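Remember, it's a predicted structure, so these values are computed and weren't measured experimentally. Counting begins at 1 with the first residue of the sequence. Heavy-atom basis, side chains included; hydrogens, waters and symmetry copies ignored.
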Amino acid sequence: MNKLKFISILLLFSLSAFSQNNISGTVYDSETKETIPGVAVYFPDLHLGRLSDSLGNFTFKDIRPKNLILQISYIGYETKILTLNTDSIASKLNIYLKKNTFVIEDIIVSGTKISPVHEIAIEIKTVKLENPNGKGKNLLEQLSEQAGVDVISKGGGVGKPVIRGLSNTNILFIDNSVKLENFQFSEDHPFIVDEFGVEQIEIIKGPASLLYGSEAVGGVIYAIREHPPHNDIFSGNYSIAYHDNTKGFTQSLGIGSSYKKVHFGTRITTKTHKDYTFGDKIQVPNSRYFYNSVKSVVGFSHKRGKTDIYYDFAKIKAGMAVAPAVAMVKDNERENKVWFQDLTNHVVSLKNNLFFNKAKFETNASFQSNSRKLQTSELMPQFMMVDMLLNTLSGEVKLSNNFKKSEIITGIQSNYKENKNFEAPAHVIPDAQVFDISAFGLYSGHFSEKLFFQTGIRYDIRNIKAQPEIKKGHEGETRKIDNNYNNVSFSSGMTYRLTDDLLLRLNLASAHRSPNIAELTQAGTHGEVYEQGNPNLKSQRNYEPDFSIHYHNKMFIFEFSTFYNYINDYIFLENTGTKMDNLLYYKYMQDDAKIFGFETGSKIMLFDFVKLNANYSYIEAYRGNGDYLPFIPQNKIFSGIEFFKEKIKNFYAPSLTINSTFAFAKNNIPVTETETPEYLIFNIILKTEFKLNESKLIFSAGVNNIFNTEYYSHLSTLKELGYYNQGRNIFASLKYNF
């Protein structure tokens with residue numbers, strides 16, 4: 001009994017340590033000193049938000065955690081970030097926002113903490129997705145407009161991102177803090193993710209990020225989910241788009257509500273496309289695809305922080321435009337009948353933020369179940385040739401300690417993956433298990449008002465087990481695998497602010513990637529080639545210094561970054577020049593490699609109604625023996641001009657955007673590839689908004705590839721079949737916010 005009393009007293013004392021505070025304030029225009037209604041005031045760590053009222057006022061009641069980030073944002077103004085100590089906060093906050101239609105400083109979520117991009121040591125690029133249908137492009141196509149980012153594609157349904165020449169398991173895709181695990185060892189295996197329900201994409205180039213695990217040797221793509229509704233209201237949006245080229249329809253409905261400290265939301269998305277065409281309506285057989293997804297969340301804020309539970313479901317049927325399908329598919333329907341990937345993905349995740357004085361304690365857990373089936377045709381020995389299930393269980397514990405001018409983050413992550421084959425005859429990879437555990441520490445802080453420094457270290461342990469399998473039809477037999485890999489990663493970087501407008505960044509980072517199951521074990525047909533794994537592969541390690549310059553003022557932004565990525569024991573798939581089972585014989589090999597280049601870009605506010613932007617990316621990549629590396633993108637220039645106004649009669653925020661992509665000829669290629677000529681394509685987009693009482697209707701229409709140019713992307717896997725990339729596509733979309 002005495003013990004119970006003692007424990008009760010301790011619990012009461014710990015609960016009372018969290019003081020209850022009401023936080024209120026008013027938002028003003030910094031120039032006119034007038035109040036601003038409708039400003040989004042948001043505590044990201046609590047998923048708690050308010051909109052300022054008609055007088056610019058806002059109030060939060062019973063805010064208990066002490067050190068919190070407060071984000072204040074409004075269209076046409078610079079977003080402001082405040083760190084509040086709720087124990088010593090003033091009775092009322094007076095917040096002044098600077099008017100700026102030209103965004104010069106994005107807010108970053110994927111760094112050590114939510115902060116302006118100029119206050120972090122590594123270079124991170126952001127892509128806003130307020131209206132995902134507004135450009136007539138899918139997620140990866142929109143990301144490829146960024147310098148240093150490209151996409152390996154097999155039509156619209158199958159694509160893989162490329163960051164500075166690296167792809168597949170050399171980069172990570174983080175969706176809502178969950179590292180996606182769905183057989184990313186091949187360019188024909190798409191990430192199962194879409195652009196809807198996503199507020200912002202952040203791109204970390206190079207190996208400088210230590211928070212997300214091994215395999216981030218090329219970089220990280222980080223998707224941030226949309227905020228829950230503000231002000232204890234029910235809200236949502238519905239969008240629909242039509243694509244003339246593929247007769248494609250895209251629809252997405254999202255609804256959500258918040259009441260006091262509880263919120264929920266769900267989103268349903270569908271995409272259906274026929275085969276795409278180029279030139280004079282020449283069809284690319286079996287490039288059709290169908291996509292369905294559901295994203296849902298329920299969460300609540302409590303005395304110590306917040307808890308969110310997510311469930312995501314996705315179903316893809318993506319046609320494979322391969323030689324056997326090309327010979328068989330003569331129609332142009334929506335239904336996938338032969339040679340298609342049938343992919344199903346389930347993700348359940350739990351995210352907790354707990355606050356203790358100046359520390360934040362995060363616990364995240366997730367379970368992914370990914371089913372991958374390959375349906376071929378009745379002419380094959382079995383219609384279903386591949387049937388695999390990959391289950392992944394992940395957990396993370398992270399502690400952030402905030403001091404006056406610095407922050408220390410420490411954490412432990414673990415991951416268990418199990419692959420299982422069913423009755424289908426083709427086992428692309430055998431039954432296998434992968435176990436990871438890692439620990440990391442990251443320090444960041446201001447040495448002075450001008451110098452921000454960040455450094456960290458990470459240690460990973462991986463075990464891979466796979467049972468041997470006899471491959472029918474030839475003498476191949478996969479060996480038993482029981483391999484251990486132990487590796488250290490490190491990163492150090494700094495940002496030096498020469499003036500308020502001029503910043504310099506310097507980073508040195510080293511990361512590693514262990515060979516994956518496919519690279520160790522494959523011994524059979526994969527697609528239209530025979531692939532042979534290598535059980536003796538070692539972990540690859542890279543070292544990358546990079547340097548960047550950033551200058552901005554109210555009318556002009558200039559950026560330049562250069563990098564040199566040296567990779568020991570780079571793993572790649574090489575064409576041996578021979579055949580196995582009458583198929584081209586490929587084998588996984590290792591060699592040192594070097595990838596180097598630079599990216600530069602600028603944005604100019606030419607007039608108060610005209611914006612210009614352009615970026616250029618240059619890259620070279622070689623093996624240790626001097627040969628060129630495969631799947632390296634073309635050097636590109638992306639440029640655009642936007643005409644816009646705040647309002648024209650009943651048309652709000654009207655804009656007209658014309659942009660272009662010029663890709664230089666690709667001649668520096670390995671013997672297994674063919675040269676790719678240069679190309680130039682143009683796009684045009686018209687957008688405007690209408691106000692319907694308290695709601696808003698956003699209309700977009702445009703044309704991609706205006707002149708119906710016939711061109712090859714060097715990273716298109718359909719190039720070898722003689723099929724150009726997509727021709728002219730006329731699109732229109734509506735988004736209704738209610």
Side-chain angles (χ1 to χ4, degrees), residues 106 117 122-127 135 137 139-153 159-168 170-171 187 201-208 216-221 505 507 509 542 544-551 557-567 593-604 612-622 628-641 659-669 673 675-683 711-716 725:
D106 291 313
V117 68
I122 60 177
E123 184 181 9
I124 301 178
K125 293 298 179 185
T126 64
V127 178
K135 292 186 175 182
K137 297 181 177 182
L139 176 60
L140 295 185
E141 290 170 338
Q142 293 187 52
L143 297 185
S144 67
E145 295 177 355
Q146 301 295 310
V149 183
D150 218 303
V151 57
I152 301 173
S153 66
K160 297 294 290 290
V162 180
I163 301 177
R164 288 179 170 175
L166 294 175
S167 59
N168 293 332
N170 284 304
I171 65 173
E187 63 273 5
I201 297 287
E202 297 177 3
I203 304 167
I204 306 172
K205 301 175 185 176
V217 294
V220 176
I221 297 176
R505 282 194 181 94
N507 281 277
N542 71 329
E544 181 180 305
D546 62 72
F547 172 75
S548 63
I549 301 172
H550 174 96
Y551 175 80
I557 296 176
F558 172 78
E559 295 178 311
F560 174 86
S561 60
T562 184
F563 66 95
Y564 184 92
N565 193 354
Y566 182 81
I567 309 175
K594 55 183 178 182
I595 305 174
F596 57 90
F598 67 88
E599 297 124 19
T600 186
S602 62
K603 298 178 182 179
I604 304 171
L612 301 176
N613 70 87
N615 65 62
Y616 171 60
S617 53
Y618 173 87
I619 188 169
E620 294 279 355
Y622 299 91
Y628 296 111
L629 283 180
F631 279 117
I632 300 300
Q634 295 160 272
N635 298 327
K636 289 183 179 179
I637 299 174
F638 180 85
S639 59
I641 181 171
N659 59 53
S660 68
T661 299
F662 177 75
F664 292 84
K666 185 69 176 177
N667 302 318
N668 49 351
I669 56 174
E673 296 181 354
E675 295 182 353
T676 302
E678 66 184 36
Y679 65 83
L680 174 63
I681 56 174
F682 291 89
N683 312 304
Y711 72 98
Y712 293 117
S713 165
H714 187 70
L715 300 186
S716 170
N725 282 63

### Message
Test side-chain contact (heavy atoms from CB on, under 4.5 Å) on Tyr564 and Lys594; report intermediate values, then the result.
### Response
CA-CA 7 Å; Tyr564 184 92; Lys594 55 183 178 182; 3.4 Å; yes
### Query
Should His714 and Glu673 be marked as a side-chain contact (heavy atoms from CB on, under 4.5 Å) after you check the CA-CA gap, both sets of side-chain angles, and the distance that decides it?
CA-CA 9 Å; His714 187 70; Glu673 296 181 354; 2.8 Å; yes
### Task
Apply side-chain contact (heavy atoms from CB on, under 4.5 Å) to Asn615 and Ile637, showing your working.
CA-CA 6 Å; Asn615 65 62; Ile637 299 174; over 6 Å; no
### Query
How far apart are the C-alpha atoms of Leu143 and Ile203, what are their side-chain angles, what is the distance that settles it, and do they pass the side-chain contact (heavy atoms from CB on, under 4.5 Å) test?
CA-CA 9 Å; Leu143 297 185; Ile203 304 167; 4.2 Å; yes
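Heavy-atom minimum distance, Ile595 versus Ala621: CG1-CB, 3.9 Å. Between Asn565 and Asn542, the shortest heavy-atom distance links the atoms OD1-ND2, 3.0 Å. Taking both residues in full, the closest heavy atoms of Ser716 and Asn725 are given as CB-OD1, 3.8 Å, listed atom of the first, atom of the second, then distance. Among all heavy-atom pairs drawn from Pro161 and Ile221, the shortest one is CB-CD1, 3.5 Å. Nearest heavy-atom pair across Pro633 and Leu715 is CB-CD1, 3.8 Å. Nearest approach of Ile619 to Asn635, heavy atoms of both residues: N-OD1, 2.8 Å.
In this view, Tyr551 satisfies the ring-ring contact (aromatic ring centres under 6.0 Å, His included) rule with no residue, not counting sequence neighbours. Remark: Asn683 engages Asn659 in a side chain to side chain donor-acceptor pair (under 3.5 Å) (not counting sequence neighbours). For Tyr566, the ring-ring contact (aromatic ring centres under 6.0 Å, His included) test picks out no residue, with sequence neighbours left out. Every residue two or more places apart in sequence or in another chain that forms a side-chain contact (heavy atoms from CB on, under 4.5 Å) with Glu675 is listed here: Asn667, Ile669. Residues meeting the side chain to side chain donor-acceptor pair (under 3.5 Å) test with Tyr712, sequence neighbours left out: none. The side-chain contact (heavy atoms from CB on, under 4.5 Å) test applied to Leu680 returns Ser660, Phe662, Phe682, not counting sequence neighbours. Under the side chain to side chain donor-acceptor pair (under 3.5 Å) criterion, Lys160 pairs with Asn168, Gln184, not counting sequence neighbours. The side chain to side chain donor-acceptor pair (under 3.5 Å) search around Ser602 returns none, not counting sequence neighbours. Remark: Ser167 pairs with Ile152, Val162 by the side-chain contact (heavy atoms from CB on, under 4.5 Å) rule, at least two apart or across chains. Among residues two or more places apart in sequence or in another chain, the side-chain contact (heavy atoms from CB on, under 4.5 Å) test is passed with Ser548 by Glu123, Arg505, Ser561. With sequence neighbours excluded, the residues forming a ring-ring contact (aromatic ring centres under 6.0 Å, His included) with Tyr618 are Phe598, listed by chain and number. Partners of Tyr679 under the ring-ring contact (aromatic ring centres under 6.0 Å, His included) rule, at least two apart in sequence or in another chain, are Tyr711.
Between Lys205 and Glu599 there is a salt bridge, since a side-chain N of the basic residue sits under 4.0 Å from a carboxylate O of the acidic one. The pair Arg164-Glu544 counts as a salt bridge, with a side-chain nitrogen and a carboxylate oxygen less than 4.0 angstrom apart. Using a cutoff of 4.0 Å between basic side-chain nitrogens and carboxylate oxygens, Glu145 and Lys135 are scored as salt-bridged.
For the residue pair Glu559 / His550, a side-chain donor-acceptor distance below 3.5 Å is found, with atom types taken as modelled.
Asn507 CG to Ile122 CD1: the interatomic distance, rounded to the nearest 0.5 Å, is 7.0 Å. Considering CG of Asn170 and CD1 of Ile567, their distance stands at 6.5 Å, rounded to 0.5 Å. A distance of 9.5 Å separates CG in Leu612 from OG in Ser639, rounded to the nearest 0.5 Å.
The side-chain heavy atoms of Ile201 and Leu139, taken from C-beta on, include a pair separated by under 4.5 Å.
Remark: side-chain polar atoms of Ser144 are paired, donor with acceptor, to backbone N or O of Glu141 under 3.5 angstrom. In this structure, Glu620 contributes its side chain and Phe596 its backbone to no donor-acceptor pair below 3.5 Å.
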